[in-house]
Trainee: 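Structure below; questions to follow.
Note that the structure is a prediction, hence the values are computed from the model and not measured.
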Amino acid sequence: MKDSFGNTFNKTVATGIISVVTLLLFVTTAVANSRLGFAVYLPCIILLTSSLSIASIWIFGRPRKPDSPAINQLEAMQKKIAELEKRLSNAELVNNFEDRLAEKEANFRHSNNSAEHSPTMGPTQSSPSSDAMPTAE
């Protein structure tokens, strides 16, 4: 399995820190060589402990496997959230459609009701003399 960039970066930083500390311990051992009785064994001990530290970082510092229960549960939750978001957007679309349809129906009924209750606008009655045709005299 490939490591993520962040995991590899953290391992590299830890390895660098261990390497610097190991180098400092070697320099200290070289400077204080005459004063220490066990100085002959110290470089071997330093090298062994730093090697074990670096090996443990790179061996046990792996990212989680994709088949772990926590990752499976996370993926299942993400799928459920995606499904719920889709259902919510569908419900919002239906609700919006129903609102527009209800508004259209209300406007249609209002226009029909106002047309039925208003007086009919037919031709106006004028005086009989004005309707009569002029006679030729």
Trainee: Let me confirm one number: the CD-CE distance from Q73 to M77, rounded to the nearest 0.5 Å.
Mentor: 6.5 Å
Trainee: With rounding to the nearest 0.5 angstrom, report the OG to CD1 distance, S50 to I18.
Mentor: 7.5 Å
Trainee: Roughly how far apart are K80 NZ and R87 CZ, rounded to 0.5 Å?
Mentor: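 Output value for this atom pair is 7.5 Å.
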Trainee: I need the I54 CD1 to T49 OG1 distance, nearest 0.5 Å.
Mentor: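 Here the rounded value is 9.5 Å.
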Trainee: How about N95 and D99: do any of their side-chain heavy atoms sit closer than 4.5 Å?
Mentor: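 Yes - at least one pair of side-chain heavy atoms lies under 4.5 Å apart.
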Trainee: Got Q78 and I81 here, is their nearest side-chain heavy-atom distance under 4.5 Å?
Mentor: no
Trainee: Search all heavy atoms of S53 against all heavy atoms of S56 and return the closest pair with its distance.
Mentor: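 Nearest heavy atoms, S53 then S56: O-OG, 2.8 Å.
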Trainee: At what distance, to the nearest 0.5 angstrom, does CG of N90 lie from CD of E85?
Mentor: 12.0 Å
Trainee: Would you mind checking if R109 and E105 are paired as a salt bridge, meaning a charged N to carboxylate O distance below 4.0 Å?
Mentor: yes
Trainee: Tell me who clusters with L52, hydrophobic residues only, linked when side chains sit under 4.5 Å apart either directly or through other members.
Mentor: L48
Trainee: Could you give the distance from CD1 (I46) to CG (L25), rounded to the nearest 0.5 Å?
Mentor: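 Rounded to the nearest 0.5 Å, the CD1-CG separation comes out at 4.5 Å.
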Trainee: Report yes or no: do I45 and L23 belong to one cluster of Ile/Leu/Val/Met/Phe/Trp/Tyr joined by side chain heavy-atom distances under 4.5 Å?
Mentor: no
Trainee: Listed by chain and number, what are the side-chain hydrogen bond (donor to acceptor under 3.5 Å, both in side chains) partners of T15, not counting sequence neighbours?
Mentor: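 Partners of T15 by the side-chain hydrogen bond (donor to acceptor under 3.5 Å, both in side chains) criterion, ordered by chain and then number, come out as W58.
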Trainee: Compare all side-chain heavy atoms of F9 with those of V13 and state whether any distance is below 4.5 angstrom.
Mentor: yes
